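Contents: one structure, followed by commentary.
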Amino acid sequence: MAVKFFGQYLIEHDLVTSEAVLRAIELQERTNLKLGEMAVAMGLITTRDIETAHAAQYSRDMKLGDLLVELGMLTPVQLQDVIEHQKATHIYIGEALVKVGALTPEKLEQYLDEFKADQAQYIAERVDLPPWLNTDKALWEATVDLTYKMITRVIGIQFRPGKFEEVSKISASHLIAAMDLSGDVAARYLLSVSEGVAKAIARAVLKEDDVENEPEEIIEDTVMEFVNIVCGNVVAKASQSGLLLEIAPPVTIKPQANGLPVPDGYRAVVFPIHVSDGETMEMAIFVKGA
Amino acid sequence: MKKVLVVDDSLSVARQLEKILSESGDFSCVGHAKNGAEAIKMNHAENPDIICMDMNMPGMDGLTALRSLVVLDKEVKVVMVTSLGGVGDKFAEALKLGAKNVISKPFEADTVLNVLRAL
């Protein structure tokens, strides 16, 4: 019921042992060279060049490959050559499991098909986004779409996605739960809910029919946990396309009567989620430096 | 009946897991720690057979706590229960540090119980 890593799926379905997956991961780590390691292995640069580039990365927000080109250590053609060699020699977890003897090629093919069918429900559908989110379009589409999918799967309420709107503040509501994303992007994911929606989330997360007597602390906690589930699955989805993200623990924000302003240096978009009459739900993404 | 310590900063996840464990008939929940440092203290005090632990927690996170727990207690079996389970690097790191399995959130009761019974 979540975005999964193939090795995890195999262990969960008792198709391989965790020890076998660990052996396969170790084989991948020995075989799959990082960009700098590959450039050294190809005799294009030295390990000292990598150390120099890594030191320069502290003050420059650039990928190692681009930095090696800028520092004159690699030509753009050589960089492309290194990337192509990396791709050509890369072994995936499935192949590694075959190599360590945990799966036959036939079983790998069968399990991969089953895994793809299981994960098909998490293939992000097309979502309208403002043009300034196009840099990491796949990530933001997955963020919006996984929110919709988790509303259906986890909360189980009917809703209709609304058209996005660029905003300078989020309108006041009962509760906002938020989570910071860092790494390859700097952003904040927020979910703003009315009291009725917060209680619907609490009923679903706690698997209780009635939450009227639950303390506010527990209701807030369930909304934070829902945000944690969405963002964790977004990070997992992003990692499949090589985007490295970290999440901080979720927080709740009680907005003032005039709403929650977007912090300086951030650009914000809100996606209204139309639920039953009288209740409101909005997802917002604040992106730093967009 | 096997003793399980739940480690998660979320009160609602702790409630969910406690309910699943108590209704199973095979496991009893011996406590709830809210971060890695509390988990290490409660592991010493309660001596559980199994620890179900989140990764992303304020204070000491789950992977840091796992690193200490496997050194301090050779017997305890740790299963990570996390929304980050599908992140290949996190999954690999957890197994390398000694976790027995990684369960992704959202989870179903059957998945949790199948994993714990297989330990």
Side-chain angles (χ1 to χ4, degrees), chain A residues 1-9 11-14 18-19 21-22 24-26 28-29 93 119 122 150 153-154 179 201-202 204-208 214-215 217-240 244-251, chain B residues 8-20 23 32 34-36 54-63 77-115 117-119:
Chain A
M1 201 174 157
V3 176
K4 283 183 188 139
F5 166 64
F6 184 48
Q8 179 189 23
Y9 170 86
I11 298 174
E12 197 174 288
H13 288 77
D14 222 6
S18 56
E19 289 77 13
V21 171
L22 193 51
I25 288 168
E26 283 163 356
Q28 279 186 295
E29 286 176 350
I93 186 73
Q119 293 290 294
Y122 294 108
M150 290 299 178
R153 300 220 166 90
V154 177
M179 199 161 206
I201 294 174
V205 170
L206 297 172
K207 297 197 167 46
E208 301 281 0
E214 294 290 350
E217 184 191 16
I218 286 282
I219 307 280
E220 286 182 11
D221 189 272
T222 60
V223 181
M224 283 196 286
E225 183 53 24
F226 180 73
V227 165
N228 177 42
I229 287 170
V230 171
C231 291
N233 280 272
V234 166
V235 173
K237 195 80 197 163
S239 73
Q240 293 171 356
L244 298 178
L245 301 175
E246 295 283 338
I247 46 176
V251 294
Chain B
D8 201 305
D9 55 316
S10 164
L11 296 170
S12 50
V13 174
R15 280 251 309 250
Q16 261 182 298
L17 285 171
E18 280 169 19
K19 191 171 174 188
I20 292 169
E23 287 174 359
H32 167 214
K34 293 186 197 67
N35 60 44
D54 190 14
M55 279 191 191
N56 183 26
M57 296 179 286
M60 188 190 285
D61 67 48
L63 289 177
K77 294 182 167 81
V78 182
V79 172
M80 307 308 288
V81 183
T82 170
S83 67
L84 294 168
V87 183
D89 288 350
K90 298 274 184 198
F91 179 88
E93 194 179 352
L95 286 195
K96 277 192 265 180
L97 289 173
K100 296 295 175 194
N101 214 330
V102 180
I103 298 171
S104 287
K105 290 176 182 174
F107 51 76
E108 276 146 9
D110 283 349
T111 307
V112 175
L113 294 175
N114 287 345
V115 166
R117 284 181 180 131
L119 292 174

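Throughout, a chain's letter reflects where its sequence line sits, starting with A, and its residues are numbered from 1. Worth saying up front: this structure is predicted, and the values here are computed from it rather than measured.
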Mind checking the OG1-CD1 spacing from B:Thr82 to A:Ile247? Nearest 0.5 Å is all I need.
7.0 Å
Say you draw a straight line from CD1 of A:Ile11 to CG of B:Asn101; how long is it, rounded to the nearest 0.5 Å?
5.5 Å
Looking only at non-hydrogen atoms, find the nearest pair between A:Glu12 and B:Thr111 and report the distance.
CD-CG2, 3.7 Å
Which atoms of B:Asp61 come close to chain A, meaning under 4.5 Å heavy atom to heavy atom: side chain ones, backbone ones, both, or neither?
neither
Below 4.5 Å from any heavy atom of chain B, which atoms of A:Ile93 appear? Answer side chain, backbone, both or neither.
neither
When rounded to the nearest 0.5 angstrom, what distance separates CE in A:Met179 from OG in B:Ser83?
6.0 Å
Which value, rounded to the nearest 0.5 Å, describes the distance between A:Ile218 atom CD1 and B:Arg15 atom CZ?
5.0 Å
Does any backbone or side-chain atom of A:Ile25 lie under 4.5 Å from a heavy atom of chain B? Answer side chain, backbone, both or neither.
side chain
Between B:Lys90, B:Lys96, B:Met57, who has the most heavy-atom pairs with chain A when the cutoff is under 4.5 Å?
B:Lys96
Among B:Gly85, B:Pro58, B:Ser10, who wins on heavy-atom pairs under 4.5 Å with chain A?
B:Ser10
Winner by heavy-atom pair count (cut-off under 4.5 Å) against chain B, out of A:Lys237, A:Gln240, A:Glu29
A:Glu29
How close do A:Leu22 and B:Ala92 get, heavy atom to heavy atom, and via which atoms?
CD1-O, 4.5 Å
B:Val102 vs A:Phe5, side-chain contact (heavy atoms from CB on, under 4.5 Å): CA-CA, chis, key distance, verdict:
CA-CA 10 Å; B:Val102 180; A:Phe5 166 64; over 6 Å; no
Taken in chain and number order and not counting sequence neighbours, the residues that satisfy side chain to side chain contact (heavy atoms under 4.5 Å, CB included) with B:Glu93 are B:Leu63, B:Arg67, B:Leu97
Kindly say whether A:Lys207 contributes a backbone atom to a donor-acceptor pair with the side chain of B:Lys19 at under 3.5 angstrom?
yes
From A:Glu220 atom CD to B:Ser12 atom OG, the distance as rounded to the nearest 0.5 Å:
11.5 Å
Over all heavy atoms of both residues, which pair between B:Val87 and A:Ser239 is shortest? Give the atoms and the distance, please.
CA-OG, 3.9 Å
Under 4.5 Å, heavy atom to heavy atom: which of residues 224-232 of chain A reach chain B? Give them by number, or say none.
A:Glu225, A:Asn228, A:Ile229, A:Gly232
Bottom line for A:Ala248: the part with an atom under 4.5 Å from chain B's heavy atoms is backbone
Under 4.5 Å from any heavy atom of chain B, what part of A:Glu19 do you find: side chain, backbone, both or neither?
neither
I need the minimum non-hydrogen distance between B:Ser104 and A:Val3, along with the two atoms involved.
OG-O, 4.1 Å
Side chain, backbone, both or neither of A:Gln28 within contact of chain B (heavy atoms, under 4.5 Å):
neither
Just checking A:Glu246: does its CD atom have more than 12 heavy atoms from other residues, nucleotides or ligands closer to it than 6.0 angstrom?
no
